[in-house]
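The structure appears below as structure tokens.
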Amino acid sequence: MAKKMAIIASKGTLDMAYPPFILASTAAALGFEVQVFFTFYGLQLLRKDLSSVMISPLANPAMPMPVPMPVVVQMLPGMESMATMMMKQKLKKHGVASLQELREVCIEAGVKFIACQMTVDLFEFDKSEFIDGVEWGGAAMFLGFAGETDICLFV
Amino acid sequence: MNFDKEFDASGLSCPLPILKTKKALADMASGQVLKLVATDSGAIKDMQAFADQTGNPLLSSAEEGGKYIFFMKKK
């Protein structure tokens, strides 16, 4: 029987978007049955438009910077966009797949994406902004699958 | 070694060599051999893990001039 993996994706920043998509796509390639439950800020990762998924140098002291940058500079307008642009360039240069690419591989491989209905209601998201094929569900639905998995992760 | 299909994953980072291998194997027949070229040093262990998990035998794994060459047989 195929192994199973469940992931909770709760973060909506560029750096934290990678682990769920990398693990889900790779597990699917290894023959795992995979479900990813997107909740709170993680829901941003299911939008058709991923341009709001960014990285911030603020409160992120581990982020390698080309030059040391004081926090007061990091908070200036446009810093987030700049950091995101630089990170995307770096990812591309090193041959790391884009989030869109990994997400498409997941969908092609049959990874099931579940969007937290409560968060959708809470943030008043418009379901038409999300990619096709997403299922809407809650904690009990996720746990039904998670309880039978070999690997279960919270990201 | 003889092979039926070749894929060059040079310049691609984890997990793309694995994802591309999976894709390349998809339209091959059982018993055919895929040659994969990669520059990602993590691919050595990843390809072995992929072989162990999926049951497609990794016939050989070698380094040649900074590139990693794998031959995988489709089960």
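Residue numbers begin at 1 in each chain, while the letters A, B, ... track the order of the sequences.
A single hydrophobic cluster is not seen to contain both B:Phe7 and B:Val33; linkage of ILVMFWY side chains at heavy-atom distances under 4.5 Å, directly or through other members, places them apart. Under a hydrophobic clustering in which Ile, Leu, Val, Met, Phe, Trp and Tyr are joined whenever their side-chain heavy atoms come within less than 4.5 Å, directly or via other members, A:Met118 and A:Met141 fall into different clusters. Under a hydrophobic-cluster definition in which Ile, Leu, Val, Met, Phe, Trp and Tyr are linked whenever side-chain heavy atoms come within less than 4.5 Å, directly or via other members, A:Met82 and A:Val71 are assigned to different clusters.
When heavy atoms are compared at a cutoff of 4.5 Å, A:Leu91 does not approach chain B at all. Residue A:Lys93 does not touch chain B at all, counting heavy-atom pairs closer than 4.5 Å.
One distance of note links CD of A:Glu104 with CG of B:Leu19; it measures 12.5 Å at 0.5 Å rounding.
More than 12 heavy atoms of other residues, nucleotides or ligands shown are found within 6.0 angstrom of CE on A:Met65. Within 6.0 Å of atom CD in B:Glu63, more than 12 heavy atoms from other residues, nucleotides or ligands are found, so the atom counts as buried in its surroundings.
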Next item on the list: Report the C-alpha distance between B:Leu12 and A:Val96 in whole Å, list the side-chain angles of each, state the deciding distance to 0.1 Å, and finish with yes or no for side-chain contact (heavy atoms from CB on, under 4.5 Å).
Entry: CA-CA 6 Å; B:Leu12 301 180; A:Val96 179; over 6 Å; no
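Side-chain atoms of A:Thr26 never come within 3.5 Å of backbone atoms of B:Pro15 as a donor-acceptor pair (strictly under, hydrogens ignored).
Nearest heavy atom pair, residue A:Ala29 against residue B:Ile18, reads CB-CG2, 4.3 Å.
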